[in-house]
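Shown next, in structure tokens, is the structure this report addresses.
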Amino acid sequence: MQKKIRVRFAPSPTGGLHLGGVRTALYNYLFARHHQGDFILRIEDTDQNRYVAGAEQYIQDCLEWCGIAPDESPAAGGPYGPYRQSERKALYRRYAEKLLEDGHAYTAFDTPAELEEMRIKYKTDENPSPQYNAALRKKMRNSESLSAAEVTDLLDKQTPYVIRIKMPDNEEIRFTDMIRGTISFNTSQVDDKVLLKADGMPTYHLAVVVDDYLMKITHAFRGEEWLSSSPVHILLWKYLGWEAEMPQWAHLPLILKPDGKGKLSKRDGERLGFPVFAMDWKDPATGELTRGFRERGFLPEAFINMLALLGWNDGSAQEIFTKEELTEKFSIDRVHKAGAKFNYEKAKWFNHEWIKRSSDEWIAGKLMDILNERKISAPKALAVKVAGLIKERCVFLEELWPNSHFFFETPAAYDLDAIRAKWNEEKKALFVDWIGRSGAITEWSAPELEKDFKDLAAARNIKPGDALMPLRIMLAGSKTGPGVFDIAALIGKEETIKRIQSTIGSL
RNA sequence: GCCGCGUUGGUCAAUCGGUUAAGACGCAUCCCUUUCACGGAUGAAUGAGGGGUUCGAUUCCCCUACGCGGUACCA
């Protein structure tokens, strides 16, 4: 019997949830569901300095909005809690101490200032970033360089210290990444990472290993930026004696800025005018508001569809997938290796597709919400018909109202200038004549109205096309929208006559 | 600097040694529609460079270039 698949999304609650974060969460979710496994949310809040109030709740809300809520989380609980690393603080020390006992870690007393000094002192053109490693640790203040008596003395005096991993001097570490295949590192290239900080909190490196072990994580997905510290994690799994249970790793490609280079950042969104966060995020310290996809009018279905395809595809030409289809088809070995530049135009296309594919009933529901807010009453049946007429011209939900208001209320303004340009007495007579005989129109439907109007125009020697635009403006206020006669049919005879009369009067 | 990872049209990308190198977004032209949008058709546009391996390389290997990531008591 195969071990149950368990994956986790482990964000740091330092602010809004970035596109890339949501995609990592999504891939976790999809992978878990595909294999009938568990999806866990673990909050990595080991850095008190970066803690931001509300960020954790925000992350939860984002996942829920996206429809990828975790099975186990700080909010939902679960058998492997707590799911907040700050609440697991006491737990990490004993593993750090075990490492100490086994000689795989050591205590270091260097102050931040001393570390800074070291980096300057040993900095050369060939080596601009000197590392705290086998070559240098004997020159620093730690249990490797100091005598046992000195260390004991320092400890007795309550000197702050950290615990660092003792990286082997020249060892080859290799592992298989599910996306990239075999990866190898030489340990001499990685430094003695701090495992336990002076405040007693673990660093990411220790916490991720301990928690993944304790929470029985089978597959670990994370951003590519973690690839270079993976040898530390691999070694930790080995030193702690858990090698057999080490999860399979998958380092996801990064989401890049559309122009230029580098990781997509919040700033790029502001600069280029598109959202980067899943939902609106208000920084509690500065009050600064960063817009999100949700508030911009994205459907969660479109949002996750777009994200899923940014770095993954099923090998076919299909691009529109429901969450269920994604769950069924998702496989980690079809994740692209290279980073992908984010393309907002394509993101909008996904949303447009989802709106077009939404049922008229569903769109009508959104329309009814808007009408309620505006204290306008209208029958649901009308909203359903309107929805069918306007949904293909809405990229965002926000465009529903501008594209449909004239069905529910008399336009407040008309583009009169557009009528005046080609207006004359003959045309005026046509409209007057038409509304005058409208009583004779037995069936108030679009095809009937169209036939009647065009026949009359022809009889009066006016090209129907020349009269259509004025009619449209009289009914909808502006030059764009669904078919004129569809509008007339839906707003009814009385309202049609009223709008034509009042516009003619204003000309 | 060093280490790691990557590189198919402007962008997302298929191809897992043999194709006229798919498809999508965007763009252009046309059709439909006497509006806008939708829809349809067509078009421009791609294997970073150099070496190998092979009967045959976009595909495998090496080098170079370029890009990205890392090089914190941040994650």
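Order of the sequence lines sets the chain letters (A, B, ...), proteins ahead of strands, with each chain counted from 1.
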Checklist entry - So does Thr46(A) get a side-chain nitrogen or oxygen closer than 4.0 Å to the phosphate oxygens (OP1/OP2) of A75(B)? => result yes
Item to check | Plane angle bin for Trp401(A) and Phe408(A) - parallel if under 30°, tilted between 30 and 60°, otherwise perpendicular | outcome: parallel
Next on the checklist: Is it true that Asn127(A) and Thr124(A) share a donor-acceptor pair across their side chains at a distance under 3.5 Å?
Outcome noted: no
Next on the checklist: Output the rounded distance in Å from CD1 (Ile59(A)) to C1' (A75(B)).
Outcome noted: 11 Å
Checklist outcome for this item: Here the distance between atom P of C25(B) and atom OH of Tyr344(A), to the nearest Å, is 17 Å
Checklist entry - So what's the dot-bracket for RNA chain B: Watson-Crick or G-U pairs under 3.5 Å, [ ] if a pair crosses, | if it pairs off-strand? => result (((((((..(((.....[....))).(((((.......)))))....(((((..]....))))))))))))....
Checklist entry - With distance as the sole criterion, is a donor-acceptor pair present between the side chains of Asn142(A) and Tyr161(A) under 3.5 Å? => result no
Item to check | Base of A72(B) paired with side chain of Lys193(A) (donor-acceptor, under 3.5 Å) | outcome: no
Checklist entry - Would you say a side-chain N or O of Lys123(A) is under 4.0 Å from OP1 or OP2 of G1(B)? => result no
Next on the checklist: On the nucleotide G39(B), are OP1 or OP2 found under 4.0 Å from the side-chain N or O atoms that Arg393(A) carries?
Outcome noted: no
Checklist entry - How is Leu309(A) classified with respect to the nucleic acid when contacts are heavy atoms under 4.0 Å: base, sugar-phosphate, or nothing? => result sugar-phosphate
Item to check | P-based separation of C63(B) from C73(B) [nearest Å] | outcome: 33 Å
Item to check | Lys/Arg-Asp/Glu bridge criterion (N-O < 4.0 Å) met for Glu448(A), Lys451(A) | outcome: no
Checklist entry - Do Asp452(A) and Trp434(A) pass the side-chain contact (heavy atoms from CB on, under 4.5 Å) test, and can you show the C-alpha distance, the side-chain angles, and the key distance before you say yes or no? => result CA-CA 9 Å; Asp452(A) 192 73; Trp434(A) 194 54; 2.8 Å; yes
Next on the checklist: Any residue in residues 476-484 of chain A with a heavy atom nearer than 4.0 angstrom to RNA chain B? Just list them by number, or reply none.
Outcome noted: Lys479(A), Thr480(A), Gly481(A), Pro482(A), Gly483(A)
Next on the checklist: So if I apply the ring pair (Phe, Tyr, Trp, His ring centres under 6.0 Å) rule between His233(A) and each of Tyr213(A), Tyr204(A), Phe185(A), which one comes out positive?
Outcome noted: Tyr204(A)
Next on the checklist: Does C73(B) have OP1 or OP2 under 4.0 Å away from a side-chain N or O of Arg119(A)?
Outcome noted: yes
Checklist entry - Aromatic rings Phe298(A) and Tyr344(A): how do their planes relate, parallel, tilted or perpendicular, breaks at 30° and 60°? => result tilted
Next on the checklist: In whole Å, measure the gap between the P atoms of G43(B) and A21(B) for me.
Outcome noted: 15 Å
